[in-house]
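Before any comments, here is the structure.
Treat the numbers as computed from the prediction; the structure is a model and nothing was measured. Chain identifiers are assigned alphabetically (A, B, ...) following the order of the sequence lines, protein sequences preceding nucleic acid strands; residue numbering begins at 1 within each chain.
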2 protein chains.
Amino acid sequence: MPGHRSITEAEKLAAAKLGGTLIHREQMAVVANIYRAASAVRQHLENSVLRGADLTWTAFVVLWVVWIWGESETRHIAEEAGISKGTLTGVSRTLEGRGLVKRTGHPSDGRLVLLSLTEEGEALMQRLFPEFNQEEAFVASRLSDKECRDVAEGLRQVVRQVEEHGEERRLTLLDGAKPTQRRSGRRAKG
Amino acid sequence: MPGHRSITEAEKLAAAKLGGTLIHREQMAVVANIYRAASAVRQHLENSVLRGADLTWTAFVVLWVVWIWGESETRHIAEEAGISKGTLTGVSRTLEGRGLVKRTGHPSDGRLVLLSLTEEGEALMQRLFPEFNQEEAFVASRLSDKECRDVAEGLRQVVRQVEEHGEERRLTLLDGAKPTQRRSGRRAKG
DNA sequence: CTTTGATCGTTCGGAGCCAAATTGTACGAG
DNA sequence: CTCGTACAATTTGGCTCCGAACGATCAAAG
């Protein structure tokens, strides 16, 4: 995967492309590299530890959330895992089929569904997480502990900014404009 | 999407879960936040600038790569965009159908296909990129220019580590083990 | 010229994913 | 009790994505 074209070079070319227009170079670089790093890390982990356990990235994240937080309502799990409720339904069905996860109705509110790990799921995570963490250490091995903390803290700021002001910002941008349907997704009835 | 459970709290719980086992906390945190930030940024951009132009994230990245680097071979574009060759085939077909991209056979090597922007594609990027960059600035607005540079540089180290040593590392890990098929993907003929 | 092996892009199976529509439960107002 | 509203998970449709298999092309060797 080693691109022979460096990303910093791309940044200069983009600046040139825009001629007079002012562009935010540092912010462009940080976004581009966030996405690059995320892809690289995900691909490495899927093709090493997770492949051996026959788990996808998403399936692992869901297991991890349930493992850490214990039995939880599905809506919270979806939010923590960063996937939609609909996706979680499918993933948890698969995990249930493999005997890693258990689904329980909420005792007092019939609308809710709780997810928890089975004994087998618990055992799997106990074995798998250290391996996973080992690869996390591998991908970050060029950074010192302090650099890891600083980068993580910077990324948290990005997440917070989007979480706290993203929706408001999107509404401002679309102001009077049409909401424009997404290309995919279920269509209006009829 | 604002999780009422903080991610740092999750980190402590994970440590507790593992009892005696040593875990790499800082490295775990940096990986978790890379992925969180990537999802948040992608979602914000897809639901603001890109939605208006009816482009997916991937489609935009492909356009961006071709825009910056000019007419290129598809294998290089896929690599720069961080997607597989198979995915690029589909995406470029869509973009060609919308008149944003042009496909040309390589003059001397019949196996290669070159991609370039049409005039319409060029005009779109000229208009769209500044808007995109504006949102990049928004998501990074809690970071100073220097912080952006530092975070970007840290992330580049992660990308380089995986690019330069990832494959070797995966081979070491799987050592004598079976390659274990992926759950999805095309099966052996028959 | 023919064979062989490497390397393209494309095809295709299965999973992931979102968001609208749907179904089912809860609960207060009348 | 019955209605209506609110909110839960699920279903569904359309698209994205990866990676193995595939067919085409090229280059080197015999």
Problem set entry | Sub-4.0 Å heavy-atom contacts from residues 99-108 of chain B onto DNA chain C, ordered by number | B:Arg103
Exercise. Any idea which of C:dG9, D:dT10, C:dC17 is nearest the A:Lys85 side chain?
Worked result: D:dT10
Exercise. With a non-hydrogen cut-off below 4.0 angstrom, is A:Thr74 in contact with a base, only sugar-phosphate, or nothing?
Worked result: sugar-phosphate
For this session: Please state whether the phosphate of C:dA19, meaning OP1 or OP2, lies under 4.0 angstrom from any side-chain nitrogen or oxygen of B:Asn47.
Result: yes
Exercise. Hey, does B:Thr89 reach any base, or is it just sugar-phosphate, or nothing, if we go heavy atoms under 4.0 Å?
Worked result: base
For this session: Choose from D:dA8, D:dG19, D:dT16 the nucleotide whose nearest atom is closest to any side-chain atom of B:Thr56.
Result: D:dT16
For this session: Dump the intermediate steps for salt bridge (charged side-chain N to carboxylate O under 4.0 Å, His left out) on B:Glu163 and B:Arg160, then the final yes or no.
Result: CA-CA 5 Å; B:Glu163 285 183 348; B:Arg160 287 207 193 102; over 6 Å; no
Exercise. Atom CZ of B:Arg111 and atom P of D:dC26: how far apart are they, to the nearest Å?
Worked result: 7 Å
Problem set entry | Phosphate OP1/OP2 of C:dC18 contacted by A:Thr87 side-chain N/O (<4.0 Å) | yes
Exercise. When you check the side-chain N and O atoms of A:Glu135 and A:His44, is any donor under 3.5 Å from an acceptor?
Worked result: yes
Seminar exercise, completed: From CG of B:Leu88 across to P of C:dT11 the rounded distance in Å is 12 Å
Exercise. Under 4.0 angstrom, heavy atoms only, what part of the nucleic acid is A:Ile83 near: base, sugar-phosphate, or nothing?
Worked result: sugar-phosphate
Exercise. Does a side-chain N or O from A:Gln43 land closer than 4.0 Å to OP1 or OP2 of D:dG19, or not?
Worked result: yes
For this session: Give A:Thr58 one of three labels, base, sugar-phosphate or nothing, depending on what nucleic acid heavy atoms sit under 4.0 Å from its own.
Result: sugar-phosphate
For this session: Please work out if B:Gly86 contacts a base, only the sugar-phosphate, or nothing of the nucleic acid, heavy-atom cut-off 4.0 Å.
Result: base
